[in-house]
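To start, the structure under review is shown below, and the notes come after it.
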Amino acid sequence: MKKIKRFRILVMGRANAGKTTTLQRVCNSTDNPKIFDGKGNTIDTGILQGTLTRGYHDIEHELVFESNHGFVFHDSCGFEAGTTQQFDRMKEFVANQAAARSVNERIHAIWFCIPMTDCHRTVTAAEQKFFNECDTKHVPVIVLLTKVDALYLTAIGELLDVGLAMDEAEERAAEKQKELLEKWLAHIKQELDECRFPPKGYVSLQKMYQKNADCTALMQCTANVLNEEDLQRLLISTQQSNIVLCIEYGVKK
């Protein structure tokens with residue numbers, strides 16, 4: 001583990017999938033990350049801001065939060081509306097990073113975000129294309145179900161549709177939301193597990209809008225699919241926030 005200085009993650013998914021918010025919670029921050037080029041030079045985020053929101057940033061750029069320098073993130077643009085050239089560049093980046101000689105330059109995990117804000121479009125052609133065509137080799141891909149809290153309003157709507165009064169619908173909404181989450185998670189697993197290169201794990205993220213949101217499930221899921229003990233320990237020590245996980249994986253703070 002001494003040879004590996006930082007844990008590097010590629011974050012993927014369509015636009016507005018909650019990627020930035022998830023990274024902020026993982027790093028216990030409310031600020032935007034600093035952006036660096038491949039040589040360590042700082043990128044002027046003021047100049048890039050317009051292009052970042054439209055998803056035209058460079059996948060090679062490194063995103064690092066001041067609150068936790070132990071994580072390095074790469075953000076793939078929302079290629080669901082992208083060109084073949086964009087997809088091919090992403091595949092090339094994944095292949096190059098997975099095969100990098102230096103363990104510090106490799107990506108160690110991929111988080112693929114699927115938002116529940118549009119639950120009827122959970123697995124689109126973009127997801128099918130990635131999991132059928134992109135061989136990530138030894139780098140595990142974890143599917144993150146983001147914006148799960150949006151299912152609460154869906155639950156309310158479905159309960160009202162079957163004739164319940166609003167007060168009764170609100171009382172039963174949490175249970176219905178859980179039922180919907182299980183339903184859509186099962187659907188996503190069925191679709192993606194049949195792909196040529198299926199994900200190694202799935203995790204649902206709730207209440208990420210809260211500054212103190214719990215990322216334990218995400219850290220555990222990621223650690224469990226890593227194929228090297230040193231990487232597991234690096235990830236758990238880098239996350240900083242959960243002492244129980246540090247004890248579980250034998251990591252000294």
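We count residues from 1, following the sequence as given.
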Same cluster for I59 and F112 if Ile/Leu/Val/Met/Phe/Trp/Tyr side chains link at under 4.5 Å? yes
Residues that E182 engages under side-chain hydrogen bond (donor to acceptor under 3.5 Å, both in side chains), provided they are two or more places apart: none
Donor-acceptor contact below 3.5 Å, side chain N224 vs main chain Q220: yes
Output the rest of the hydrophobic cluster of Y209: all Ile, Leu, Val, Met, Phe, Trp and Tyr residues reachable through side-chain heavy-atom contacts under 4.5 Å, sorted by chain and number. none
Does the salt bridge (charged side-chain N to carboxylate O under 4.0 Å, His left out) test come out yes or no for D118 and K147, once each step is laid out? CA-CA 10 Å; D118 193 0; K147 300 188 175 182; over 6 Å; no
With the 4.5 Å side-chain cut-off for hydrophobic clustering, are L23 and I43 part of the same group? yes
Is it true that R89 and D58 make a salt bridge, defined as a side-chain N closer than 4.0 Å to a carboxylate O? yes
Find the distance between OG1 (T136) and CG (L10) and round it off to the nearest 0.5 Å. 10.0 Å
Side chains of T222 and W111: any donor to acceptor distance under 3.5 Å? yes
Between F71 and F65, ring centroids under 6.0 Å: no
Looking only at side-chain N and O atoms, does R8 offer a donor or acceptor that is under 3.5 Å from a partner on H74? yes
Indicate yes or no for a side-chain donor-acceptor contact from S29 to the backbone of S67 under 3.5 Å, with no hydrogens or angles considered. no
As an exercise, state the distance from OG1 of T238 to CE of M219, rounded to the nearest 0.5 Å. 9.5 Å
Would you call T21 and K19 a side-chain contact if the rule is heavy atoms closer than 4.5 Å? no
Backbone N/O of A223 and side chain of Q232: donor-acceptor pair under 3.5 Å: yes
Any sub-3.5 Å donor-acceptor pair from D149's side-chain atoms to K207's backbone N or O? yes
Does any non-hydrogen side-chain atom of V94 lie less than 4.5 Å from one of D135? no
N/O donor-acceptor pair under 3.5 Å between N132 side chain and F197 backbone: no
Evaluate the side-chain proximity of L145 to L181: yes if any heavy-atom separation is below 4.5 Å, no if none is. yes
With V143 as reference, evaluate I114, V203, I110, V123 under the side chain to side chain contact (heavy atoms under 4.5 Å, CB included) test and give the passing residue. I114
As a test of understanding, state which of V148, T154, I156 forms a side chain to side chain contact (heavy atoms under 4.5 Å, CB included) with Y152. I156
Check whether any side-chain N or O of R25 sits under 3.5 Å from a backbone N or O of M208 as a donor-acceptor pair, and report yes or no. yes
With the side chain counted from C-beta on, respond yes when P115 and T146 share a heavy-atom pair under 4.5 Å apart, and no when they do not. yes
Testing the 3.5 Å rule here: is there a donor-acceptor pair between the side chains of Q128 and E191? yes
May I ask you to decide if T30's main-chain N or O and K211's side chain share a donor-acceptor pair within less than 3.5 Å? no
